[in-house]
Amino acid sequence: MRESARTIVLVRTTSQILLTWLFFGIAGIADVHASSIAGSPHDLSVNGEGICVYCHTPMSASLDGSTPLWNRKTSSKTLSMYSSSTLDMTIEATPGDVSLMCLSCHDGSMAYDSLINNPGVANNGVMTGTSAIGADGLANDHPISIEYDPSKDSHFAPATNGRVGGLPLFVKNGQTGPATQVECSTCHDVHDPSNGNFLRMSNAGSSLCLTCHVL
Ligand code: HEC
Ligand code: HEC
Ligand code: HEC
Ligand code: HEC
């Protein structure tokens, strides 16, 4: 008994080290500008004790999402999805994992410090107002967890290697690839407030919209 318990602990620790290495090594922590998150709406630290911890942890992370070392509990709120008679592409019945990460704050149902591994930070605020875009469901928001497939509608730019222009697509829940899904993080970069609204690119002249929509 003790021997096998120890083996499990060892295996777990090894995979955590590997994950930590993948996270800080390959992904390149230097690419994520802590200084730009600091002071942005995504800096939830109360006394400067930690910014990343509200979303990531190096230890005991949730492994069921597609976000690296995710540290947030999953909201149990049921969210209506966008629907319309003119949609040509396939929308999932529930949000993809990477969008659920956003919605764990942005559906207004859970406190910011509902963390899997909390090293002692406290910020029990819950989102209200216009930022809580999922509070009334997602039917009135741009479709997410929809497969980007220009073969079904010629008014869309081509996708190459999981990207449309500079915008990344994500892997559908339960699959390992290819990246086909439009999710919150397709248009937003949680780490970078420089374009306003954490947008991946400026939307001046609707340039973000026109990256995908060809009118
Ligand atoms: C508000 C939530 C949030 C905070 C705070 C946050 N991240 Fe992230 N991070 C995400 C999400 C969501 C993803 C995956 C999807 C994406 O890339 O947008 C991600 C992805 C990453 C990645 C993978 C590479 C990449 O850019 O996609 C790295 C590395 C990373 N974060 C590091 C950090 C570091 C370091 C901090 C603290 C300075 C931090 N993050 C703070 C939500 C957050
Ligand atoms: C840990 C909680 C948390 C997570 C996770 C989170 N956010 Fe936020 N986000 C916030 C808070 C808090 C604000 C500020 C709310 C306010 O001012 O009312 C905010 C604000 C924003 C804003 C508005 C920024 C502005 O300049 O006004 C956008 C856009 C946004 N988040 C997108 C995202 C996306 C996309 C994700 C997932 C990739 C995400 N957030 C994940 C907490 C979170
Ligand atoms: C197709 C691109 C796109 C997708 C997908 C998308 N957003 Fe946005 N989002 C925008 C743009 C553009 C804005 C800027 C405000 C506007 O034009 O309405 C914005 C604004 C916001 C704001 C600020 C709202 C306010 O009134 O303060 C939040 C919060 C936000 N998005 C979160 C999310 C979350 C969470 C998801 C996924 C459930 C998501 N977004 C998916 C493009 C997108
Ligand atoms: C990453 C690519 C992408 C970006 C960026 C994008 N969209 Fe979309 N949009 C889509 C896809 C995919 C659909 C679903 C199309 C379908 O099924 O026919 C869609 C659907 C829509 C629809 C609903 C159409 C319907 O038939 O119900 C509207 C409206 C829309 N987008 C407006 C916008 C606006 C406004 C912006 C900029 C703020 C934007 N989109 C940015 C990919 C994108």
Side-chain angles (χ1 to χ4, degrees), residues 37 39-45 50-56 65-67 70-75 79 81-91 95-115 121 123-135 137-159 162-170 179-215:
I37 300 182
S40 83
H42 280 163
D43 179 353
L44 293 170
S45 63
I51 297 174
C52 318
V53 67
Y54 284 97
C55 293
H56 306 284
S66 48
T67 300
W70 192 247
N71 195 23
R72 299 199 55 77
K73 293 181 181 159
T74 307
S75 164
L79 295 161
M81 301 297 277
Y82 182 91
S83 81
S84 119
S85 57
T86 47
L87 277 189
D88 299 303
M89 303 178 198
T90 309
I91 189 161
D97 286 338
V98 69
S99 293
L100 281 178
M101 317 267 172
C102 313
L103 292 162
S104 71
C105 288
H106 282 276
D107 76 1
S109 74
M110 296 206 317
Y112 301 136
D113 59 6
S114 294
L115 304 179
V121 297
N123 178 344
N124 63 4
V126 175
M127 199 179 287
T128 56
T130 56
S131 293
I133 67 157
L138 297 171
N140 56 353
D141 301 302
H142 191 281
I144 57 151
S145 309
I146 188 161
E147 186 165 5
Y148 188 85
D149 186 355
S151 75
K152 292 184 175 160
D153 184 336
S154 60
H155 294 288
F156 283 89
R163 298 185 91 84
V164 192
L167 305 175
L169 301 170
F170 291 82
T180 54
Q181 305 298 103
V182 176
E183 302 288 353
C184 312
S185 288
T186 298
C187 298
H188 294 283
D189 179 347
V190 277
H191 307 117
D192 185 358
S194 60
N195 292 317
N197 278 309
F198 294 107
L199 290 176
R200 290 212 179 254
M201 56 186 281
S202 159
N203 197 27
S206 303
S207 51
L208 171 73
C209 317
L210 294 170
T211 302
C212 295
H213 291 266
V214 180
L215 300 178

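Whatever order the structure lists ligands and atoms in, that order sets their numbers, starting from 1.
Look at T186 and you'll find every heavy atom at least 4.0 Å from all atoms of ligand 3. Proximity of P193 to ligand 2 is not established, as no heavy-atom distance is less than 4.0 Å.
Close contacts of ligand 4 with S84, meaning ligand atoms under 4.0 Å from a residue heavy atom, involve 25 (C), 26 (O), 27 (O). Which parts of ligand 2 touch S185 is read off a 4.0 Å heavy-atom cut-off, strictly below it: atoms 38 (C). The ligand atoms of ligand 2 that sit less than 4.0 angstrom from a heavy atom of L44 are 1 (C), 2 (C), 12 (C). With ligand atoms numbered from 1 in the order given, ligand 3 contributes 5 (C), 37 (C), 38 (C) to contacts under 4.0 Å with heavy atoms of I144. Proximity to H142 (heavy-atom distance under 4.0 Å) selects the following atoms of ligand 3: 1 (C). Which parts of ligand 4 touch Y148 is read off a 4.0 Å heavy-atom cut-off, strictly below it: atoms 2 (C), 12 (C). Residue contact check: C55 has heavy atoms under 4.0 Å from atoms 5 (C) of ligand 2. Counting atoms of ligand 4 from 1 in the listed order, those under 4.0 Å from a heavy atom of L167 are 5 (C). Close approach to S131 involves these atoms of ligand 3, each under 4.0 Å from a residue heavy atom: 29 (C). Counting the atoms of ligand 3 from 1 in the order shown, those under 4.0 Å from a heavy atom of L208 are 12 (C).
Between L208 and C187 the shortest side-chain heavy-atom distance falls below 4.5 Å. Annotation: side chain of C184 is not in contact with side chain of V98 (no heavy-atom distance under 4.5 Å). Residues P95 and I144 are in side-chain contact: their nearest non-hydrogen atoms beyond the backbone lie under 4.5 Å apart. In this structure the side chain of E183 never reaches within 4.5 angstrom of the side chain of P168, judged on heavy atoms.
Atom 8 (Fe) of ligand 2 has no N, O or S atom of C105 closer than 2.8 Å. Under 2.8 Å from atom 8 (Fe) of ligand 4 lies no N/O/S atom of C212, from backbone or side chain alike. Taking 2.8 Å as the criterion, H213 counts as a coordinating residue of atom 8 (Fe) of ligand 4, since one of its N, O or S atoms falls below it. Note on C102: not counted as a metal contact of atom 8 (Fe) of ligand 2, no N/O/S atom lying under 2.8 Å. Metal site remark for atom 8 (Fe) of ligand 3: C187 contributes no N, O or S atom at a distance under 2.8 Å.
In this structure, the protein non-hydrogen atom closest to atom 5 (C) of ligand 2 is M101 O, 3.4 Å. The closest protein non-hydrogen atom to atom 19 (C) of ligand 3 is H188 CE1, 3.6 Å. The protein heavy atom nearest to atom 23 (C) of ligand 2 is N197 OD1, 3.8 Å. The protein heavy atom nearest to atom 12 (C) of ligand 2 is Y112 OH, 3.3 Å. In terms of protein heavy-atom proximity, atom 17 (O) of ligand 3 is nearest to N203 ND2, 4.8 Å. In terms of protein heavy-atom proximity, atom 13 (C) of ligand 2 is closest to P41 O, 3.6 Å. Nearest protein neighbour of atom 34 (C) of ligand 3, counting heavy atoms only, is I133 CD1, 3.4 Å. Given atom 15 (C) of ligand 4, the protein heavy atom at minimum distance is F156 CZ, 3.5 Å. Protein heavy atom at the shortest distance from atom 22 (C) of ligand 2 is F198 CD1, 3.7 Å.
The presence of a protein heavy atom under 4.0 Å from atom 29 (C) of ligand 4 is ruled out. Contact annotation for atom 8 (Fe) of ligand 3: protein present (non-hydrogen atoms, distance under 4.0 Å).
For atom 37 (C) of ligand 3, the choice among G196, C184, C209 with the nearest heavy atom turns out to be C184. Considering only non-hydrogen atoms, atom 24 (C) of ligand 3 lies nearest to T130 out of T130, L100, L138. Checking I146, T86, D88 against atom 16 (C) of ligand 4, the nearest heavy atom belongs to D88. Within the set H191, E183, H106, the minimum heavy-atom distance to atom 6 (C) of ligand 2 is found for H106.
When non-hydrogen atoms are compared, ligand 4 lies under 4.0 Å from the side chain of P143 (C-beta onward) but not from its backbone. Proximity of S99 to ligand 3, defined as any heavy-atom pair under 4.0 Å, is not found for any part of the residue. At a 4.0 Å heavy-atom cut-off, ligand 3 touches L199 through the side chain alone. Looking at V98 against ligand 2, nothing comes within 4.0 Å, counting heavy atoms.
Closest of all the heavy-atom pairs between L103 and G134 is CD2-CA, 4.3 Å. Taking every heavy atom of both residues into account, M101 and R72 meet most closely at O-CD, 4.4 Å.
At least one N or O atom of M89, backbone or side chain, sits closer than 3.5 Å to an N or O atom of ligand 4. For ligand 2, the polar-atom distance check finds an N/O of H42 within less than 3.5 Å of one of the ligand's N/O atoms. Polar contact check, Y82 against ligand 4: a nitrogen or oxygen pair lies under 3.5 Å apart.
Taken to the nearest 0.5 Å, the CE atom of M201 stands 13.0 Å off from the CG atom of D192.
Using a distance-only test at 3.5 Å, with no hydrogens or angles considered, a donor-acceptor pair links the side chain of S145 to the main chain of G96.
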